[in-house]
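Here's the structure we're looking at; comments come further down.
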Number of protein chains: 2
Amino acid sequence: MSFEPTICPSGDEKVLLFGLLMDTNARLTKDLGEELEKYCELPLAWFDALLHLRKVDSGRLKMNEIADAIVHSTGGTTRLIDRLEEAGFVVRELCPTDRRAIYVAITEAGNRKLDAALATHMEFLQATLAERLNAGERKSLATLLGKLNAH
Amino acid sequence: MSFEPTICPSGDEKVLLFGLLMDTNARLTKDLGEELEKYCELPLAWFDALLHLRKVDSGRLKMNEIADAIVHSTGGTTRLIDRLEEAGFVVRELCPTDRRAIYVAITEAGNRKLDAALATHMEFLQATLAERLNAGERKSLATLLGKLNAH
DNA sequence: TGCAAATAGTTGTATAAGCAATTATAATGA
DNA sequence: TCATTATAATTGCTTATACAACTATTTGCA
């Protein structure tokens, strides 16, 4: 062959690590998404948004905070919240101190749906995370990902 | 509050770990995708497909093998390969032993493009992976993700 | 041998997400 | 104070992907 690629077959350690992260996430995400869709009729993106809302004590976030949390564009987040609101899982609320901003709050129906999804979720996670990694390994992974995620 | 969610605010260790994996990947993927798009005009999905092709000695995979590697549907993969072929980075080749199957092979132009992308990639990875995790941590992370990725 | 079932890939269609432009409001500073 | 700039969210439009239906080929088995 006349052409000689500089990195072939891409044996670099960092490339491989990043690829592994992408692959692992893609597979787990796909599997979990199918589980949630099948047993809860809940798209993964909805689950993700609801989970971020529940994570905060107030149960509500501004549009841009959700967009950042779920790593979507603001436009995409507007449409996603439209659908969630249509389904009754969240409501938009006016922000009293900034009339540009919109709060999105999880509803009681949203909380119930999330509870149901978490039940499914836990089975899935048991069958994947806990089966493949012991407690120490899970803790290590969380620590490493936390470092990687810091910005 | 009259309603009491069973898991609130979702303090379960496995839920948090999975969320961390999703978040970390989403952020890194988004950042890398923007880098590649900006400096190489190469969509991340193209990069991913080309990388998987280069990983194998023959530089070619069947459609279903690529679909599996990049975690796309077969339909989505057909369209993705259409675009890559249109751009000249891969070619479809007939399979001599099975007339249903199609080989996709990376071209010389594809290899050049991937080399350019890997240069960008390495800067990005240096600025993220290597800056946040030392060699031992990267190795640990790779091992843990490898276990998690096994199916 | 020949028919049923499985497999590989493509195509029609629907949808979710990104980007850029737009509107509305708030903050800054001359 | 008023004009400029920045910020929050939405909307129009484009595109990438999934899903399901379809075609072509191969495999298995009676």
Side-chain angles (χ1 to χ4, degrees), chain A residues 22 25-27 29-38 41-50 52 60-87 89-105, chain B residues 22 25-27 29-38 41-50 52 60-87 89-105:
Chain A
M22 288 219 307
N25 181 68
R27 267 173 244 288
T29 293
K30 178 172 172 290
D31 291 346
L32 174 61
E34 287 170 359
E35 287 280 314
L36 287 173
E37 198 65 67
K38 184 173 175 186
E41 294 182 337
L42 184 69
L44 184 58
W46 294 27
F47 173 80
D48 195 28
L50 292 178
H52 279 285
R60 59 188 215 174
L61 291 167
K62 290 180 185 169
M63 289 298 295
N64 60 28
E65 293 172 326
I66 296 190
D68 182 62
I70 64 178
V71 195
H72 274 45
S73 65
T74 61
T77 302
T78 292
R79 298 301 176 22
L80 176 61
I81 296 302
D82 286 347
R83 295 190 291 276
L84 276 162
E85 192 169 27
E86 169 102 23
F89 297 146
V90 303
V91 285
R92 281 178 165 86
E93 294 173 357
L94 294 177
C95 173
T97 59
D98 186 344
R99 295 200 297 172
R100 293 169 303 181
I102 298 278
Y103 276 114
V104 179
Chain B
M22 288 221 307
N25 181 68
R27 266 173 246 288
T29 293
K30 178 173 171 290
D31 291 346
L32 174 62
E34 287 170 359
E35 287 279 315
L36 286 174
E37 197 64 69
K38 184 174 175 186
E41 294 181 337
L42 183 70
L44 185 58
W46 295 25
F47 173 80
D48 195 28
L50 292 177
H52 279 284
R60 60 189 214 174
L61 291 168
K62 291 181 185 167
M63 290 298 295
N64 60 30
E65 293 172 326
I66 296 190
D68 182 61
I70 65 178
V71 195
H72 279 219
S73 65
T74 60
T77 303
T78 292
R79 299 298 174 26
L80 175 61
I81 296 302
D82 286 347
R83 295 190 291 276
L84 276 162
E85 191 168 29
E86 168 101 22
F89 297 146
V90 302
V91 284
R92 280 179 167 87
E93 294 172 357
L94 295 179
C95 173
T97 60
D98 185 343
R99 294 200 298 173
R100 292 169 304 182
I102 298 279
Y103 276 114
V104 179

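Per chain, numbering begins at 1; letters A, B, ... match sequence-line order.
Note that CD of B:Glu37 and CZ of B:Phe47 are 13.0 Å apart. Values are rounded to the nearest 0.5 Å. To the nearest 0.5 angstrom, B:Ile66 atom CD1 is 9.5 Å from B:His52 atom NE2. Separation of atoms CG (A:Leu36) and CG (A:Asp31) is listed at 11.0 Å; rounding is to 0.5 Å.
When distances are taken from the side chain of B:Thr74 to each of C:dA26, C:dT10, D:dT17, the shortest belongs to C:dT10. Proximity note for B:Lys62 (side chain, C-beta onward) versus C:dG9, D:dT25, C:dG18: the nearest is C:dG9. For A:Arg99, taking side-chain heavy atoms from C-beta onward, the closest of the listed nucleotides C:dA26, D:dT26, D:dA18 is C:dA26. In the set D:dT11, D:dT26, C:dT10, D:dT26 carries the atom at the smallest distance from any side-chain atom of B:Arg100. Closest to the side chain of B:Met63, out of C:dT10, D:dA8, D:dT11, is C:dT10.
For the residue pair B:Thr78 and B:Arg92, the shortest heavy atom distance occurs at O-NH2, 3.4 Å.
Nucleotide C:dT15 holds its C1' atom 14 Å from the CG atom of A:Asp82, rounded to whole Å. The nearest whole Å value for the distance from the CG atom in A:Leu84 to the C1' atom in C:dT15 is 15 Å. One atom, CD1 of B:Ile102, and another, C1' of C:dA8, lie 9 Å apart when rounded to the nearest Å. We find that CG of B:Asp68 is positioned 14 Å from C1' of C:dA8, with the value rounded to whole Å. Across the protein-nucleic acid pair, A:Asp98 atom CG and D:dA6 atom P stand 17 Å apart, rounded to whole Å.
Distances shown here put every side-chain N or O of A:Arg92 at or beyond 4.0 Å from the OP1 or OP2 atom of D:dA8. Side-chain nitrogen and oxygen atoms of A:Asn64 include at least one within less than 4.0 Å of the OP1 or OP2 phosphate oxygen of D:dA9. Between A:Arg83 and C:dA17, a side-chain N or O to OP1/OP2 separation shorter than 4.0 Å is present.
When the nearest nucleotides of DNA chain C are assigned to A:Gly76 and B:Gly75 by heavy-atom distance, the more 5′-ward of the two goes with B:Gly75. Closest-nucleotide positions on DNA chain D for B:Thr97 and B:Ala45 were compared, and the one nearer the 5' end corresponds to B:Ala45.
Using a 4.0 Å heavy-atom cutoff across all strands shown, B:Arg79 reaches at least one base atom of the nucleic acid.
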